[in-house]
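In what follows, a single structure is set out as structure tokens and then discussed.
Excluded from the calculations below are hydrogen atoms, water molecules and symmetry mates; all remaining heavy atoms, backbone and side chain alike, are included.
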Amino acid sequence: DTSTPEQAMETAVTDKFALAFDIDGVLIRGGTVIPEAIEAMKTLNGQNEYGIKVPYIFVTNGGGKTEQERCVQLSKQLQQEVSPGQFICGHTPMREMAERYHTVLVVGGEGEKCRQVAEGYGFKDVVTPGDIIKDNADTTPFRRLTNEEFRNSRARNFGETEIDAIFVFADSRDWAADQQIILDLLMSKNGRLGTRSENFDEGPPVFFSHNDVVWSASHDLTRIGMGALRVSLEAMFKAVTGKELQTTAFGKPQLGTFEFATRLLQQWRKDTHAIDSPPETVYFVGDTPESDIRGTNEYNETSDNNWYSILVRTGVYQEGTEPRFQPKATVDNVLGAVKHAMALEA
Ligand code: G3P
Ligand code: MG
């Protein structure tokens, strides 16, 4: 080692604590980086008065592309390298369902992106709403495929196909068509399109990659998200069939996502910083009380891990309102959150 004591000081990595960041409303808004995010990352990477580096991960409910692709994009936005080893998005845990369901309908996202993500997760037979419309254009009376969509879609006889599960990977680009197709499957016998179950209890299960009713995009006010589609679908199923629909959501605030994040952080600290013990505290920085703060607080209370919730004012949470779930601290932005955590640890 040829570094001077000062340099060695600068690069010392703390094993005491770590941070986890939400993305939309904390680091990014509508595809644009929140300016303080760049300085927040530099601070954690060693540009701070304490002369330490702090390990961190990213836990977003968003999705729609591969983890690899998303990290390339995030690296550019944050002007520093972000690796898939420190990144979880809403659909990452769906990977674990690839063994259980063979033929699956994948909904949401741009073009063929989510089909590619699902195939990358190991799903054997991935169907999209476009495939179904290509097979039978009468499925969606007011929606026609564009030439490109028609080319990319894979026709087959859906009268002979059983769809085992429905996964909403990313935000639907066409609620009406997607909901029609999901509803058809839910009301079918064993996921066979064109059939109707007598009691509407033979359809495939539906999984959403998260449950955010609203999220923080480029508009000044929050925009409706996947959780809104879920509410809408459940209400529509009830209106059409008279029955309750049970659906499942991944992502924050589900404790499974925080367990997943704990394992990811453990592996990340081990692989990149050679730290083999768990951190004493993980500071989670989020903008959505219902997902980020709720999940962090519940995980802190129910697990052996010490997670500390920090709410920022740059996203879903609006100053002057009462958050439904109380954070341990509220700060203006992500840089304030990083400074808060470091000051507590100093
Ligand atoms: O669609 C994404 C959004 O609902 C939330 O993303 O990064 O705030 O968890 P994030
Ligand atoms: Mg957010």
Side-chain angles (χ1 to χ4, degrees), residues 18-26 57-64 67 70 86-101 104 106-108 114 117-118 121 123 165-172 204-216 224-234 244-268 282-311 315-317 323-328:
L19 277 85
F21 294 99
D22 172 67
I23 294 184
D24 290 308
V26 172
I57 58 168
F58 302 90
V59 184
T60 177
N61 273 352
E67 285 79 358
R70 188 67 208 268
Q86 61 185 148
F87 179 88
I88 303 177
C89 66
H91 46 64
T92 306
M94 286 178 168
R95 180 182 286 162
E96 293 172 347
M97 313 289 272
E99 290 301 310
R100 199 174 319 165
Y101 300 105
V104 298
V106 164
V107 177
C114 285
V117 175
Y121 287 174
F123 283 99
I166 302 162
F167 288 92
V168 183
F169 263 57
D171 282 301
S172 165
V206 195
F207 301 96
F208 291 85
S209 67
H210 67 83
N211 190 37
D212 289 344
V213 178
V214 296
W215 65 298
S216 178
I224 52 170
M226 194 185 294
L229 180 76
R230 184 187 188 194
V231 171
S232 166
L233 188 73
E234 289 176 354
E244 298 291 336
L245 174 66
Q246 299 296 335
T247 62
T248 304
F250 289 81
K252 300 164 290 180
Q254 297 303 315
L255 296 180
T257 299
F258 288 84
E259 282 157 12
F260 205 105
T262 298
R263 294 197 296 273
L264 183 89
L265 181 61
Q266 186 185 351
Q267 197 65 45
W268 175 248
V282 177
Y283 296 88
F284 191 98
V285 188
D287 69 308
T288 306
E290 287 74 9
S291 314
D292 303 317
I293 306 307
R294 179 181 186 174
T296 303
N297 290 352
E298 287 181 4
Y299 187 58
N300 179 57
E301 281 152 26
T302 56
S303 75
D304 296 336
N305 302 284
N306 190 23
W307 280 53
Y308 182 107
S309 54
I310 307 179
L311 181 63
V316 167
Y317 166 69
R324 273 187 56 211
F325 298 87
Q326 290 295 333
K328 292 244 170 75

Can you name the side chain to side chain donor-acceptor pair (under 3.5 Å) partners of [X], sequence neighbours left out?
X      : answer
Ser209 : none
Asp212 : Asn61, Ser291
Asn297 : Ser309
Gln326 : Glu322

dist Asn306:CG -> Asn300:CG (nearest 0.5 Å) comes out at 5.5 Å
Interatomic distance, CZ@Phe58 vs CH2@Trp268, rounded to 0.5 Å, equals 9.0 Å
With sequence neighbours left out, the residues meeting ring-ring contact (aromatic ring centres under 6.0 Å, His included) with Tyr101 are Phe207
How would you list, by chain and number, every residue that makes a side chain to side chain contact (heavy atoms under 4.5 Å, CB included) with [X], sequence neighbours excluded?
X      : result
Cys89  : Thr60, Glu67, Phe87, His91, Thr92
Val214 : Thr222, Val316
Leu264 : Ile57, Ile88
Thr247 : Val206, Phe208, Arg230, Glu234, Leu245

With Phe284 as partner, the option from Leu19, Thr296, Ile293 fulfilling side chain to side chain contact (heavy atoms under 4.5 Å, CB included) is Thr296
request  = Kindly indicate whether the side chain of Leu255, heavy atoms from C-beta on, has any atom under 4.5 Å from the side chain of Thr302.
outcome  = yes
So salt bridge (charged side-chain N to carboxylate O under 4.0 Å, His left out) across residues 297-310, not counting sequence neighbours, yields Arg294-Glu298
For residues 248-262, the side-chain hydrogen bond (donor to acceptor under 3.5 Å, both in side chains) pairs (sequence neighbours left out) are Asp22-Lys252, Lys252-Asp292, Thr262-Tyr299
